[in-house]
Amino acid sequence: MQALRIHNTLTRRADAVEPHADGSPVTFYSCGPTVYDDAHIGNFRSFLNADVLRRTLELLGHRVHHVMNITDVGHMTDDSSADGGGEDKMAVAGRRIAEAKKAGKLPAGTDVDPGNPGAIADFYAGRFLEDARALGLKVALEAHAHPERADALMPRPTRCIPQMIAMIERLVANGHAYVAGDGVVYFDVRSFPAYGALSGNTIDRLREGAGERISAENQAQKRHPADFMLWKPDMSHLMRWPSPWGEGYPGWHIECSAMARMLLGDEIDIHSGGEDNIFPHHECEVAQSRCATGRPRFARHWFHTRHLVVEGEKMSKRTGNFFTARDLFAKGHTPAAVRLELIRTHYRSNANFTLQGLADCQRMIDRWSRAHSELLSRAAPSPDESRPAGPFERALASFTDGLCDDLNVARAIAALNEACAAPAVERDAACAHRELAAMLAMDSVLGVLGRNRAAEHAPPAGDPGLAQQVERLIAERTAARAAKNWAESDRIRDALAAMGVAIKDGAQGTTWSRTAG
RNA sequence: GGCCGAGUACCCAAGUGGCCUAAGGGGACGGAUUGCAAAUCCGUUAUUCGUGGGUUCAAAUCCCACCUCGGCCUCCA
């Protein structure tokens, strides 16, 4: 089996990814979304890169046990008092939903109680899963296909509170956590000398920067400024549970430690997230997990995706370059193009998401789709083994080499493009059956061929009669063309363009699609 | 302020000491095709790699300085 080498944040070099034991599945935990709002394309870049890693492992013949959490505990918004101050994010989401409801902007067929945090979380979790499936996130497809395993594949912290409490109890019992004067349970970072190994921080250096974002009152309760919260008793929090330390809610990091352990065991092979998770989130996870399990390791391999910028600028709602996946689908972009645009740049570079790039991806995918249809139509039921390897079979080798080299997706894509551009004589000489298999193997990682269809023929919201209208105009234009009435024909084409509909005159008649945007 | 990444053509983006007078895609331009378009097919499109120095027989790749952008320094993918 070919080795996949991936940069490991922990060791700061490219390490081979392999299961902890021969023949076992690779255990893989991904930090998933919070469900206080729709996930944006930056979130999805991180999830999709994890998906590409998982699919690459599967292409190489590994089995992968992949888990991605969906965080539904209401955390706090205020960053000036980071140890539990500010406003509950679930409350903010509830207000947003209440406003949308009032304005009649809630999607048809949905009714959410804005005062019920569980309902809010379910609402956004449902939307996330829809987007995730559209984009081909395999773990979401798997959870959908096996509802009985959904909670084990995409766990929710609110359903795992006992496991978190058990882990915190263990940490308190073995001296790695303590109850402070304010009743809050903190992890004692000085009890864990390896704290900082993942992020490259040291406890001393953290102390220097610590003064800026943490309120003095909170700091005064802790033994060390870097100590972080495990449980906060708080009767005012929207979501709260009974615990040995009083009714309240868990700290931000403990959920992943508890769920990873519960579902994948004390040590896991890969753990992924966005680059901002390295510190403090993943650093704290390592500390909690190792101190609770007593193991020398938590995750063997840490995989972090760098952030995304949009049109060269940091994505922000204010500058108008903020996109959720569903925003793009609604504008007519295919999930395939969104997926490819988000995975085509190396995961350790800042990617620049652009509308032009999305269009580029769409054209590439359309070409791959044509090549795929062509192979499909030529593939014989029984392969002719005597034929030499064709362009796609050869491309699969360099495609795989590219991916094995720290997930070089750009190189993999170039290999596929070159196969599609191979001269017809070469293509005809090859065994179409094997060529098709090679192409599907490549798509098993890229994951675009089955997703190259958006809502393009679905009429846009508020205009259900569009399809019939378009068909009628096309029929009129076809008649005009038959009569060689070019002026009328062009007038209809312009009218369709004004409606946001592009047409193509092909051998099988005229086809149409909505223009994105 | 401290620590970390990154800057390659009009755009996206590989390449990390000689195979680079720099992959792949898009765009643009020229040609084929088309009533005209669109789509498709063929061809052309960086002697140059943020800027200035340095090391080396050899640098996009290593070193130094500067500029610009991004991340982290207890919300964040």
Side-chain angles (χ1 to χ4, degrees), chain A residues 12 30-34 36 39-50 75-83 85-87 89 199-202 205-214 218-219 225-229 251-253 272-281 283-284 304-309 311-315 340-341 344-346 348-367 370 398 402 408-418 420-421 424 481 484-487 489-490 493-494 497 502-506 510-513:
Chain A
R12 291 163 179 76
S30 290
C31 280
T34 51
Y36 318 127
H40 57 68
I41 53 175
N43 301 128
F44 273 113
R45 166 146 121 116
S46 161
F47 308 147
L48 250 13
N49 276 136
H75 291 315
M76 294 301 178
T77 53
D78 196 341
D79 61 355
S80 65
S81 54
D83 278 300
E87 203 177 354
K89 285 185 179 176
S199 60
N201 287 317
T202 63
R205 229 190 294 154
L206 286 172
R207 196 206 313 248
E208 290 167 23
E212 299 188 9
R213 298 178 84 171
I214 302 178
N218 275 315
Q219 284 307 83
D227 288 353
F228 54 91
M229 189 182 103
W252 308 313
H253 314 301
S272 76
E275 60 174 323
D276 55 298
N277 280 155
I278 299 171
F279 191 89
H281 185 54
E283 194 71 76
C284 295
H304 292 106
T305 293
R306 226 160 253 291
H307 280 188
L308 175 75
V309 295
E311 306 289 349
E313 280 181 66
K314 198 169 168 175
M315 180 162 63
L340 189 60
E341 172 70 357
R344 74 206 279 227
T345 305
H346 189 86
R348 278 190 297 116
S349 302
N350 288 113
N352 185 12
F353 185 99
T354 63
L355 257 17
Q356 177 64 57
L358 206 50
D360 293 357
C361 286
Q362 186 59 63
R363 299 194 64 137
M364 247 191 281
I365 293 162
D366 286 343
R367 189 142 38 83
R370 279 196 303 279
S398 42
N408 192 331
V409 176
R411 232 163 80 198
I413 289 172
L416 176 52
N417 277 324
E418 276 163 12
C420 289
R481 291 182 71 219
K484 295 201 191 296
N485 184 353
W486 309 127
S489 158
D490 292 349
R493 182 168 58 202
D494 291 345
I503 56 169
K504 289 180 201 174
D505 295 328
T510 300
T511 57
W512 66 280
S513 59

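All chains are named by letter (A, B, ...) in the order of the sequence lines, taking the proteins before the strands, and each is independently numbered beginning at 1.
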Please report, rounded to the nearest Å, how far the [atom2] atom of [N] is from the [atom1] atom of [X].
X        : N     : atom1 : atom2 : result
A:Ile365 : B:A39 : CD1   : P     : 16 Å
A:Glu283 : B:C75 : CD    : C1'   : 18 Å
A:Gln362 : B:C12 : CD    : C1'   : 16 Å
A:His253 : B:C75 : NE2   : C1'   : 10 Å
A:Arg348 : B:A13 : CZ    : P     : 16 Å
A:Asn277 : B:C75 : CG    : P     : 12 Å
A:Leu308 : B:C76 : CG    : C1'   : 14 Å
A:Ile413 : B:G15 : CD1   : P     : 13 Å

Contact between [X] and [Y] at the side-chain level, heavy atoms closer than 4.5 Å - yes or no?
X        : Y        : answer
A:Arg344 : A:Cys361 : yes
A:Met364 : A:Asn417 : yes
A:Ile503 : A:Arg493 : yes
A:His253 : A:Pro280 : yes
A:Thr345 : A:Arg45  : yes
A:Asp276 : A:His281 : no

Nucleotide of [options] approaching [X] most closely (side-chain heavy atoms):
X        : options             : value
A:His307 : B:A14, B:C72, B:C12 : B:C72
A:Lys89  : B:C75, B:G71, B:C41 : B:C75
A:Arg367 : B:G26, B:A77, B:A14 : B:G26
A:Asn43  : B:A14, B:G26, B:A77 : B:A77
A:Phe279 : B:G15, B:G24, B:C72 : B:C72

Is any N or O donor-acceptor pair between the side chain of [X] and the base of [N] shorter than 3.5 Å?
X        : N     : result
A:Ser489 : B:G35 : yes
A:Asn350 : B:G70 : no
A:Asp490 : B:G35 : yes

Between [M] and [N] - [atom1] atom distance, rounded Å:
N     : M     : atom1 : value
B:G1  : B:U47 : P     : 38 Å
B:A59 : B:C20 : P     : 15 Å
B:A32 : B:A38 : P     : 15 Å
B:U40 : B:C57 : C1'   : 50 Å
B:C73 : B:U61 : P     : 32 Å
B:C42 : B:G52 : P     : 39 Å
B:C69 : B:U55 : C1'   : 28 Å
B:G5  : B:A60 : P     : 22 Å

For [X], report the nucleic acid contact type (base, sugar-phosphate, nothing); a contact means any heavy atom under 4.0 Å.
X        : answer
A:Lys484 : nothing
A:Leu416 : nothing
A:Ser199 : nothing
A:Gly357 : nothing
A:Asp505 : base
A:Thr345 : sugar-phosphate
A:Arg363 : sugar-phosphate
A:Arg344 : base

Between [X] and [Y] (side chain of the first, backbone of the second, donor and acceptor by atom type, cut-off under 3.5 Å), is there such a pair?
X        : Y        : value
A:Glu283 : A:Ser199 : yes
A:Asn350 : A:His307 : yes
A:Asn352 : A:Gly312 : yes
A:Arg306 : A:Ser349 : no

Check whether any side-chain N or O of [X] sits under 4.0 Å from OP1 or OP2 of [N], and answer yes or no.
X        : N     : value
A:Lys504 : B:U40 : no
A:Asn352 : B:C12 : yes
A:Arg370 : B:U40 : yes

Assign each of A:Cys361 and A:Arg481 the nucleotide of RNA chain B bearing its closest heavy atom; nearer the 5' end lies the nucleotide of A:Cys361
Per nearest nucleotide of RNA chain B, the residue lying toward the 5' end, A:Glu418 or A:Arg411, is A:Arg411
In RNA chain B, stems of three or more consecutive pairs, Watson-Crick or G-U, each with both distances under 3.5 Å, turn out to be B:1-7 with B:67-73, B:10-12 with B:24-26, B:27-32 with B:40-45, B:50-54 with B:62-66
Side chains of A:Glu311 and A:Thr354, donor plus acceptor under 3.5 Å:
no
* To do: Would you say whether A:His40 stacks on B:A77? The test is a distance between ring centres of less than 5.5 Å and an angle between planes of less than 30°.
  => no
